[in-house]
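This report refers to the structure that appears directly beneath it.
Because only heavy atoms are used, hydrogens play no part in the values below, and waters and symmetry mates are left out as well, while side chains stay in. First the proteins, then the strands, lettered A, B, ... as listed; each starts at 1.
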Amino acid sequence: MAPDLGNTQKWMQAVILHPGSDHQAVASPRARKLVPASEFPSLIRPSRTLDSFDRIGIYRGMYLARLQEALEADYPGLRHFLGPKRFSDLVRGYVDRYPSQSYTLNRLGDHLPKFIQSSPGIARKDFLYELARFELLMSRLFDAEESPVLTPEAIAAVPPECWETARLEPVAALSVQALRYPVGAYLEAVRQGKPRPSTRRKKHWAVVYRRQYALRWLDLSPAAYRLLHALVNGVPLGEALSGVLRRGRQPVGEVQLFSWFRGWVTEGLFQAVELDDPA
Amino acid sequence: MGRNRWNLPDLGFGIGLRTVHYSYILANHPPIDWFEILSENYMDTGGRPLYVLDQVAERYPVVLHGVSMSVGSTDPLNLDYLKKLKVLADRTRAHWVSDHLCWTGVSGINVHDLLPMPYTDESLRYTIERVKAVSEILERPLVLENPSTYLEFGTSTWSEVDFLSTLAQEADCGILLDVNNVYVSCFNHGLDPEAFIDRVPADRVVQYHLAGHTHKGTHILDTHSDHVIDEVWSLYRRSCQRTGGVATLLEWDENIPSFEVVHAEALKARRHRGLPETDHTRAYGT
């Protein structure tokens, strides 16, 4: 009996998604349950030049090629580090585990860092996980909402006595990161076509943000990271500053603090100053 | 011959808005008639794509073209997607919204391909109801494109063109007639493309697509990677004689050349429609 529309679609999708050969896909248990292999040649008509396997094979080939192209665009650093063959193998395993469930390919790679972390047998897994996580972060910041930027006039309007308890609201496209590997430098080298930099473990700190629709990052000292991390998480300015002054191994002077703050405002990392309600 | 059933305007000769041309368009404001926007690229972003789209929509007529509506799928309609699509259409003042006569996945999965329908009575009845539902949600008629296909189902009892035509009449939707896709599918299935063109109801056609393709010898792939071939121009002229000419869009998605080259290719359609040259067609030497 001919399959109805629903079963025809389930069958075709099962064949397209199957990781084996065209013949293995058609003969797979999931596909055979919907359309017996003996009925396949009558379900998919051969053409003058292609048999039924060739014809369904076109869709199977395009499926993987399309998803690989999308993931290459979102993960250029990962693709560069792994090379074409290992990246292709990674994509095959990934889309088998996490087929797209969104109407947009922009969300296809959302689980890739998690997939790398949980997959056995991946060399340099810690580095690759952090690189993938960083590239996913870049994609999210690329698409984040555009925010207004804090102006010098808005800063000047804050009464001096209010700064102690003021909170700074970061722009939407911003993330403060503590990293174990130099993934930012690696990505920059890939983008500029420079030789591969060291990928050895090296702690560093950075803020990643978008300015005038372009993604950027600034390297931070440990103390600057602690301060900025506190501020973007809503800690009042006075408390955030005293935290930095209290915890650091090396003293941070007022001039240094002022310089950081001025730099961050100039780079457009904040969109507003929130003051305590006087009531 | 005559206008389409909704009196949707003939927007002239446009191209698809592509990332590689953003800077050129914003800097030069080229004198192009209109742009077609790939809906899904702008539905979930607050970044540069949306900024560019707002600039473009401010200055040029815009039409939304999607690839993920999956109107033929047996999965429930994705209402979240349709709501976002409507918001985008309103934001850009889109003249119409189009997608494909296809399905893109089932059981919650998206294959991200324009998968062919079996052309059966069951499929037709089902798709008619789906198109009606979508048009109601979008509060505007849906326009559906004939996709390029690489296989035919043995269960089909309708030809593609009769299926599409009946769907358009019964569901009251428009047709985006992709002339290159007609050529590609007819080659792949051993059918007569002129017979296809002649059977399309002219009053339902609101837009044309033109594109290049990749000939693999045994079959043709719809890659949008090259200039339009003569046979496709011939089919375009044939169809224009029946429709009187409607909004025409040139697609180029692989190995995308400069804006001028893509625009010049689109403007060739003016000549094939028998329209006089403009300053730009002369400048491009089309």
Can you tell which part of [X] gets under 4.5 Å to a heavy atom of chain A, answering side chain, backbone, both or neither?
X       : result
N110(B) : both
L221(B) : side chain
E152(B) : both
S73(B)  : both
T127(B) : neither
L114(B) : backbone
T120(B) : neither

Between [Y] and [X], is there a side-chain heavy-atom distance shorter than 4.5 Å?
X       : Y       : result
T104(A) : M43(B)  : no
Y63(A)  : D113(B) : no
M12(A)  : L151(B) : yes

- Item | Flag for S100(A)-H112(B): side-chain donor and acceptor within less than 3.5 Å | yes
Which atoms of [X] approach chain B - backbone, side chain, both or neither, heavy atom under 4.5 Å:
X       : result
S102(A) : backbone
L67(A)  : side chain
L50(A)  : side chain
R66(A)  : side chain
I58(A)  : side chain
I16(A)  : side chain
S42(A)  : backbone
D54(A)  : neither
L17(A)  : side chain

Grab the two heavy atoms, one from [X] and one from [Y], that are nearest each other, plus how far apart they are.
X       : Y       : answer
P118(B) : T8(A)   : CG-CG2, 4.2 Å
R45(A)  : G154(B) : NE-CA, 3.7 Å
P3(A)   : T155(B) : CD-CG2, 4.4 Å
T218(B) : T49(A)  : O-OG1, 2.6 Å

Flag, side chain of [X] to backbone of [Y], donor-acceptor distance under 3.5 Å:
X      : Y       : value
Y59(A) : Y150(B) : yes
Q13(A) : V111(B) : no
Q9(A)  : L115(B) : no

Partner chain A: residue of [options] with the largest heavy-atom pair count (under 4.5 Å):
options                         : value
M117(B), H189(B), K216(B)       : H189(B)
N41(B), D75(B), N188(B), D80(B) : N188(B)
V67(B), T104(B), D44(B), L50(B) : D44(B)

- Greatest number of non-hydrogen atom pairs under 4.5 angstrom with chain B, of N106(A), L141(A), L105(A), falls to L105(A)
Should we count [atom1] of [X] as having more than 12 external heavy atoms under 6.0 Å?
X       : atom1 : result
R92(A)  : CZ    : yes
F87(A)  : CZ    : yes
R211(A) : CZ    : yes
E58(B)  : CD    : no

- Task: Enter the distance from Y213(A):OH to Y51(B):OH here, rounded to the nearest 0.5 Å.
- Result: 6.5 Å
- Message: Measuring from atom CZ of F153(B) to atom CG of L43(A), what distance do you get when rounded to the nearest 0.5 angstrom?
- Response: 6.0 Å
- Message: Between E146(A) and R48(B), does any NZ, NE, NH1 or NH2 come within less than 4.0 Å of an OD or OE carboxylate oxygen?
- Response: no
